[in-house]
Student: 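Quick one: structure below, then a few questions.
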2 protein chains.
Amino acid sequence: MIRLLLAEDQGMMRGALALLLGLEPDFEIVAQVGAGDEIVPRALETRPDVALLDIELPGRSGLDAAAALREALPACQVLILTTFGRPGYLRRAMEAGAAGFLVKDGPVEELAVAVRRVLAGERVIDPGLAAAALSAGPNPLTPRERDVLSAAVDGATVADIAAKVHLSPATVRNYLSSAIGKTQTRNRMEAVRAARQNGWL
Amino acid sequence: MIRLLLAEDQGMMRGALALLLGLEPDFEIVAQVGAGDEIVPRALETRPDVALLDIELPGRSGLDAAAALREALPACQVLILTTFGRPGYLRRAMEAGAAGFLVKDGPVEELAVAVRRVLAGERVIDPGLAAAALSAGPNPLTPRERDVLSAAVDGATVADIAAKVHLSPATVRNYLSSAIGKTQTRNRMEAVRAARQNGWL
DNA sequence: GCCCGGCCGGGACAAATGTCACGGGCCACG
DNA sequence: CGTGGCCCGTGACATTTGTCCCGGCCGGGC
């Protein structure tokens, strides 16, 4: 019996996947969670063989949780299952010790075979995505630039950002400017868009 | 036998739902599509009793397709299934003649019962969402304001927008300003965010 | 008919934004 | 020990953005 943990915030998706995987005769869903900060505790309780994690989760990112899970329960393999095939996500997933990376496009059948492969010690990664991740190069943004850029989503003014990050407005503008330069964009919104696109959040 | 059409762009979600609904003894999935502009043609071919439509689809919005489908095939009931419970979406769905509106949170079991209810002539709508839709009021934006605001996503400059919408830059700024006023926000990004939030895109 | 509202444009102005040059402090690496 | 990178801040500057005027052209409704 292969013991599975499933982390996914969308209730319908979670339920459908659980039902689906439960149909496989040798699979058993031992835990379903809808928030990132429940992953590690539930895993410690239920000792799954494979954890299927979404990335965008309330509470804690699936990538964060993946790293923590590898630490706390090395026997458990991590398979990332995400909507967005962003190069930076894949890179971070690998750095976090994930054994596989699937996007939610692709057919459902992929899922079960991926689980089995991962358990067999293989790594499963979309080849095209791997190429994109390599060609995109590593994250050029410094930690501070990331902070400022993250705080700049949904139209915050410089003053808002400065307050949120506890910096001088002047400094914020400098970081924004350098981030805009590094992303080769023309303004802050394009910069956040580009950074998100690449998974450099 | 209840004949179903399923429109959803995410392959995994589509596959999982199809499998799930196929499990019901009296359901039959007669068509699966991944793009909005395939909905009506496929429906005319396959004559489903109920169409399950996502809203955000490539090619054509599910809401658009819903209206066209009600026109072309009045016997077919429309059930909107979406990630975002935006008040304006619900409103537009109702205006398009949809019989039900479900969000992808909530448990999977809801889905089958919703299909049966819709077929029985009932309307299925989340009560909380209905209240929100009523309290939010109708879309205050004029068509042009919508155009300009839509073109303002991901950091386009005034010149970009003017070129995209074939207007003078001065006019664009006026529309942006009035849209900002109507959404009670401080800049264009907050305005697009607010407008999207309410489903006024 | 007249008025109202949406459409389209212009001009002028304050504020916000993006850029550049410049300082100093800190830590790591050769 | 120097050098380079990141951190944090300042000041000045041109550009962009948001706002408030103004004008005119339509079409629908009382």
Side-chain angles (χ1 to χ4, degrees), chain A residues 88 91-92 95 136-201, chain B residues 88 91-92 95 136-201:
Chain A
R91 181 179 293 268
R92 283 199 273 161
E95 285 166 4
N139 189 338
L141 269 37
T142 119
R144 273 318 194 194
E145 287 163 354
R146 272 203 303 279
D147 292 345
V148 170
L149 214 50
S150 302
V153 292
D154 44 56
T157 85
V158 172
D160 293 342
I161 304 173
K164 217 181 304 186
V165 197
H166 305 298
L167 280 180
S168 151
T171 309
V172 169
R173 292 209 282 154
N174 285 335
Y175 282 135
L176 281 175
S177 183
S178 82
I180 290 170
K182 287 184 182 175
T183 50
Q184 319 210 54
T185 50
R186 291 173 305 167
N187 54 47
R188 80 182 62 180
M189 282 327 290
E190 284 193 4
V192 308
R193 206 155 184 60
R196 275 227 273 237
Q197 182 68 26
N198 292 20
W200 302 333
L201 217 154
Chain B
R91 180 179 295 266
R92 283 199 273 161
E95 285 167 4
N139 189 339
L141 269 38
T142 114
R144 274 317 196 195
E145 286 164 355
R146 272 202 302 278
D147 292 344
V148 171
L149 215 49
S150 302
V153 292
D154 45 55
T157 83
V158 172
D160 294 341
I161 303 173
K164 217 181 305 184
V165 197
H166 305 297
L167 281 180
S168 152
T171 310
V172 169
R173 292 208 280 152
N174 286 334
Y175 281 136
L176 281 176
S177 184
S178 82
I180 291 169
K182 288 182 182 175
T183 51
Q184 319 210 55
T185 50
R186 291 175 304 168
N187 53 47
R188 79 181 62 179
M189 283 326 289
E190 285 193 4
V192 309
R193 206 154 187 66
R196 276 228 272 238
Q197 181 69 25
N198 292 11
W200 303 332
L201 217 151

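Proteins come first, then strands; the chains are lettered A, B, ... in the order of their sequence lines, and each starts at number 1. Not measured: the values here are computed from a predicted model.
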Student: To the nearest Å, how far apart are B/Gln184 CD and D/dG18 C1'?
Tutor: 17 Å
Student: Let me see the working for A/Ser178 and A/Glu145 under side-chain hydrogen bond (donor to acceptor under 3.5 Å, both in side chains), right down to the final yes or no.
Tutor: CA-CA 8 Å; A/Ser178 82; A/Glu145 287 163 354; 2.6 Å; yes
Student: Let me see the working for A/Val165 and A/Tyr175 under side-chain contact (heavy atoms from CB on, under 4.5 Å), right down to the final yes or no.
Tutor: CA-CA 12 Å; A/Val165 197; A/Tyr175 282 135; over 6 Å; no
Student: Taking atom P of C/dT19 as reference, at what distance in whole Å does atom NZ of A/Lys182 sit?
Tutor: 14 Å
Student: So, is B/Thr171 close to the C/dC7 phosphate, meaning a side-chain N or O under 4.0 Å from OP1 or OP2?
Tutor: no
Student: Is there a side-chain contact between B/Thr183 and B/Trp200 (heavy atoms, below 4.5 Å)?
Tutor: yes
Student: Using atom types as modelled and distance alone, determine if a side-chain donor or acceptor of A/Arg91 lies under 3.5 Å from a backbone N or O of A/Gly199.
Tutor: no
Student: Given D/dG9, C/dG9, D/dT10, which nucleotide is nearest the side-chain atoms of A/Ala170?
Tutor: D/dT10
Student: Provide, to the nearest angstrom, the distance between the CG atom belonging to A/Leu176 and the C1' atom belonging to D/dG9.
Tutor: 15 Å
Student: Within less than 4.0 Å of OP1 or OP2 of C/dC8, is there a side-chain N or O belonging to B/Arg144?
Tutor: yes
Student: Between NZ of B/Lys182 and CG of B/Leu141, what distance do you get to the nearest 0.5 Å?
Tutor: 6.0 Å
Student: So A/Ser168, base contact, sugar-phosphate only, or nothing? Heavy-atom distance under 4.0 Å.
Tutor: sugar-phosphate
Student: Check the distance between C/dC7's C1' and B/His166's NE2 and give it to me in whole angstrom.
Tutor: 17 Å
Student: For C/dG6, does either OP1 or OP2 sit under 4.0 Å from a side-chain N or O belonging to B/Thr142?
Tutor: no
Student: Between A/Tyr175 (OH) and C/dG18 (P), how many Å, whole number?
Tutor: 17 Å
Student: Kindly give the heavy-atom pair with the smallest separation between B/Pro169 and B/Val158, and that separation in Å.
Tutor: O-CG1, 3.7 Å
Student: State the CG-CZ distance between B/Asp160 and A/Arg186, to the nearest 0.5 angstrom.
Tutor: 4.5 Å
Student: Would you say that B/Asn139 contacts B/Arg146 through its side chain, given a criterion of any heavy-atom pair below 4.5 Å between the two side chains?
Tutor: yes
Student: Can you pull every protein N or O that's under 3.5 Å from an N or O on nucleotides 21-27 of chain C?
Tutor:
none

Student: To the nearest Å, give me how far apart CD (B/Glu145) and P (D/dT19) are.
Tutor: 13 Å
Student: Using a cut-off of 4.0 Å between protein heavy atoms and nucleotide atoms, how would you tag nucleotides 12-17 of chain C 5' to 3' with B, S and -?
Tutor: B----B
Student: Check whether A/Asn174 reaches the backbone of A/Thr171 with its side chain - one donor and one acceptor, N or O, closer than 3.5 Å.
Tutor: no
Student: Provide, to the nearest angstrom, the distance between the CG atom belonging to A/Asp147 and the C1' atom belonging to D/dC8.
Tutor: 14 Å
Student: Write down the distance between CD (A/Glu190) and P (D/dT17), rounded to a whole number of angstrom.
Tutor: 11 Å
